[in-house]
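Written out below as structure tokens is the structure these notes cover.
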Amino acid sequence: MSKILIIEDEVSIADLEKDYLELSGFEVETENEGDRGLERALSEKFDLFILDLMLPKTDGFEICKQIRAEKNTPIILVSAKKDDIDKIRGLGLGADDYITKPFSPSELVARVKAHMARYERLIGSSGKENEIIEIRDLKIDRTARRVYLGEEEKVFTTKEFDLLAFLMENPNKVYTKEELFREIWDMESIGDIATVTVHIKKIREKIEESTAKPQYIETIWGVGYRFKL
Ligand code: CA
């Protein structure tokens with residue numbers, strides 16, 4: 001369930017907003033002090049903030065700036081004075097919307113829903129993070145199937161990538177050539193396990209500074225290989 005934080009010093013307004021939003025299916029928390037509201041906004045996970053501008057001590061301007069410096073969560077600013085809205089917009093606080101008191105609860109709910117939907121689309125499309133494994137200077141992106149050594153991208157074949165990814169996913173574990181062959185080439189002991197040796201050699205040439213003294217993929221003599229953590 002989407003969770004909203006209302007920061008509003010007028011308790012009756014905060015409660016009214018809370019009631020309507022809860023009726024619309026949102027989980028709602030309220031804070032009546034700016035300081036405490038800001039603290040919670042930064043430390044807890046909310047899906048949207050409704051922020052009154054005029055608050056004692058830490059006001060809405062400051063809270064808005066501080067939230068925006070750390071989070072992309074939608075912020076709806078609530079102002080008591082209609083005339084101020086243009087000025088407030090001009091300040092570039094990073095709020096997503098502005099609403100002036102008095103407003104109808106249904107208007108608030110409609111705006112909350114619109115911003116929530118937009119934000120969910122945003123994180124739904126770009127928020128799906130690529131699966132990255134990073135060990136020292138070596139970084140692989142499992143989603144994009146790319147390998148980077150420091151800033152430099154290295155070109156890997158499919159099997160080289162699969163083999164490196166498997167070893168990096170299971171660092172410090174020793175695997176025999178047979179095990180690696182089964183794991184990556186996916187056929188029970190058919191084929192040549194020398195393929196593994198060849199691929200390890202090619203990977204090392206791409207990622208190791210010295211293939212004679214590998215820092216990433218170690219040879220454990222008489223056993224196999226392991227990715228050194
Ligand atoms: Ca106020």
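Note that ligands are numbered from 1 as they come in the structure, with each ligand's atoms numbered from 1 the same way. Everything quoted here is computed from the prediction, not taken from an experiment.
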Between [X] and [Y], does any side-chain N to carboxylate O distance fall below 4.0 Å?
| X | Y | answer |
| --- | --- | --- |
| K173 | E179 | no |
| R111 | D96 | no |
| E70 | R68 | no |

Just checking F166 against Y175, ring centres under 6.0 Å apart?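 Centroid separation for F166 and Y175: below 6.0 Å.
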How far does CZ of R226 sit from NZ of K228, to the nearest 0.5 angstrom?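 The distance works out to 8.0 Å.
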NZ of K202: more than 12 outside heavy atoms within 6.0 angstrom?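 Incorrect, the count does not exceed 12.
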Could you count the protein N, O or S atoms found under 3.0 Å away from the Ca ion (ligand 1)?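 Every protein N, O or S atom under 3.0 Å from the Ca ion (ligand 1) counted, the figure is 3.
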